[in-house]
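So the structure is just underneath, and the comments pick up after that.
Every heavy atom of this structure was used, including side-chain atoms; hydrogens, water molecules and symmetry mates were not.
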Amino acid sequence: MAAGSDGGDDGGEPFGPLVAAGRLARLLGAPGVVVLDASVGAHRGSLRRIPGARPFDIDGALSDPAAPLPHTMPGAARLTEEVRALGVDDGSTVAVYDAAGVYSSARAWWMLRAMGHERVAVLDGGLPAWEAAGLPVEEGPPARAGRHGDFTARPRPGRFVDADGVAAALADPAAAVLDARSSERFRGEAPEPRPGLRGGHMPGAVSLPFGEVQRDGLMLPEAELRAVLAARTGGRERLVVSCGSGVTACVLALAAVLAGYPEPAVYDGSWSEWGLPSDLPVVTGG
């Protein structure tokens, strides 16, 4: 299936990284298909969902509880345990969505890919697109998975980087560090939503608010994504993506993969780490 397309015949066709509501509706309830609701914040725990969807709780069990920073990627053993509890097998076809559109679902998609599960796609437009298409929803607490799956996390090196990796990318003329936060936060003109963080951005980083790779809640077509990314990166194709806490950075990772770029790296700590009072450099302005 071409990136971003709805696809035709479902039998044997590659799946991901993006699936349209119509195609997911055709797959719903098929053997081996698992739908995960990765909504966060105000949408977390909503009683309205795609039928059969199971909660991929990024605000809870699917982040490292021992980490001092929000939304930290859990280790392979914890991720294996939690994803198995959702009924996911190594051979499962997984669709992830969120109730905001394409927001935190991209984080769930990236987490699974980073742990070796390739057959996973983001629902383009999320729950709003699903409902706009007149597709069914269910209400009430989500049903538990009927059984544990056999999913096993197999970490893929380089899919996440730490502050040292970001610093190295900032110093590399062949790399670009993209910041998915709003342009006002990037410039240091708007306060950070998390207390205690400095305003501004990493010296040499490039602002690309995640909403600029979407239109009307859907991801831009491949050619437009390629043009947006090329304009911001000056043609550099080694990408590191960052945001506030490692969530919307993954929307930029999704955009890069859809546009045919080599797989980027996500800065897991993002501004929740870099913006803390420290020796890590911060600048303000454009």
Side-chain angles (χ1 to χ4, degrees), residues 36-45 54-86 88 94 96 98 100 102-117 120 122 151-170 177-181 185 192-198 201-202 205 210 239-254 256-257 263-280 282:
L36 301 177
D37 180 352
S39 300
V40 297
H43 296 292
R44 179 191 183 202
R54 304 161 192 171
F56 189 98
D57 190 5
I58 295 170
D59 280 339
L62 270 302
S63 289
D64 184 351
L69 301 174
H71 302 138
T72 299
M73 181 71 175
R78 181 179 180 87
L79 193 83
T80 293
E81 178 183 359
E82 295 296 335
V83 174
R84 284 183 176 182
L86 295 172
V88 178
V94 179
V96 292
D98 66 77
V102 180
Y103 183 76
S104 50
S105 51
R107 171 73 180 188
W109 167 80
W110 189 254
M111 290 169 66
L112 291 171
R113 282 175 66 93
M115 287 294 183
H117 195 86
V120 55
V122 172
F151 169 86
T152 299
R154 298 174 175 86
R156 300 172 65 196
R159 296 312 186 266
F160 285 97
V161 292
D162 59 13
D164 289 340
V166 176
L170 290 167
V177 177
L178 301 177
D179 189 326
R181 295 175 301 152
R185 288 172 65 189
E192 286 296 312
R194 296 174 181 86
L197 298 181
R198 298 172 289 171
H201 60 272
M202 308 156 192
F210 74 93
L239 304 181
V240 174
V241 290
S242 180
C243 61
S245 66
V247 173
T248 57
C250 298
V251 179
L252 299 188
L254 174 62
V257 171
E263 296 240 348
V266 170
Y267 176 23
D268 205 26
S270 284
W271 202 253
S272 294
E273 178 179 50
W274 195 282
L276 288 169
S278 73
D279 292 333
L280 293 171
V282 171

**Q.** CA sep, side-chain torsions, deciding dist, call: D268, R107, salt bridge (charged side-chain N to carboxylate O under 4.0 Å, His left out)
**A.** CA-CA 10 Å; D268 205 26; R107 171 73 180 188; 2.8 Å; yes
(Q) Tell me whether R154 contacts the main-chain N or O of T152 through its side chain, where contact means a donor paired with an acceptor under 3.5 Å. (A) yes
Q | Nearest heavy-atom neighbours spanning M115 and P155 | A | SD-CG, 3.6 Å
Q. Around atom OH of Y103, are there more than 12 heavy atoms of other residues, nucleotides or ligands at under 6.0 Å?
A. no
Q: Quick one: closest heavy-atom pair of A106 and V122, and the distance?
A: CA-CG2, 4.1 Å
Q: Can you label the angle between the Y267 ring and the W274 ring as parallel, tilted or perpendicular, going by 30° and 60°?
A: perpendicular
Q: Apply side chain to side chain contact (heavy atoms under 4.5 Å, CB included) to the pair D179 and R185, showing each step before the final yes or no.
A: CA-CA 10 Å; D179 189 326; R185 288 172 65 189; over 6 Å; no
(Q) Distance alone, cut at 3.5 Å: any donor-acceptor contact between the side chains of D64 and H71? (A) no
Q. So L197 and L276, side chain to side chain contact (heavy atoms under 4.5 Å, CB included) or not? Walk me through it.
A. CA-CA 5 Å; L197 298 181; L276 288 169; 3.6 Å; yes
Q: Can you see which heavy atom on H201 is nearest to which on W271, and at what distance?
A: CA-CH2, 3.4 Å
Q) Could you state the interatomic distance from CG (L36) to CG (L112), rounded to the nearest 0.5 Å? A) 7.0 Å
Q.
Quick check: do S63 and T72 have side-chain heavy atoms less than 4.5 Å from each other?
A. no
Q) Are R78 and P65 close enough that some pair of their side-chain heavy atoms sits under 4.5 Å apart? A) yes
Q: Assess the side chains of S245 and R194: does a donor N or O sit below 3.5 Å from an acceptor N or O?
A: yes
Q) Closest heavy-atom contact between V266 and A253? A) CG2-CB, 4.2 Å
Q: Evaluate the criterion side chain to side chain contact (heavy atoms under 4.5 Å, CB included) for residue pair F56 and V96; output intermediate values, then yes/no.
A: CA-CA 8 Å; F56 189 98; V96 292; 5.6 Å; no
Q) Are any non-hydrogen side-chain atoms of V257 and W109 less than 4.5 angstrom apart? A) yes
Q.
Assess the residue pair S242 and R181 against the criterion (side chain to side chain contact (heavy atoms under 4.5 Å, CB included)); give the C-alpha distance rounded to whole Å, side-chain angles, the decisive distance to 0.1 Å, and a yes or no.
A. CA-CA 8 Å; S242 180; R181 295 175 301 152; over 6 Å; no
Q) Which heavy atom of S104 sits nearest a heavy atom of S39, and at what distance? A) OG-CA, 3.7 Å
Q.
Using every non-hydrogen atom in the two residues, find where A153 and A76 come nearest and quote the distance to one decimal.
A. CB-O, 3.6 Å
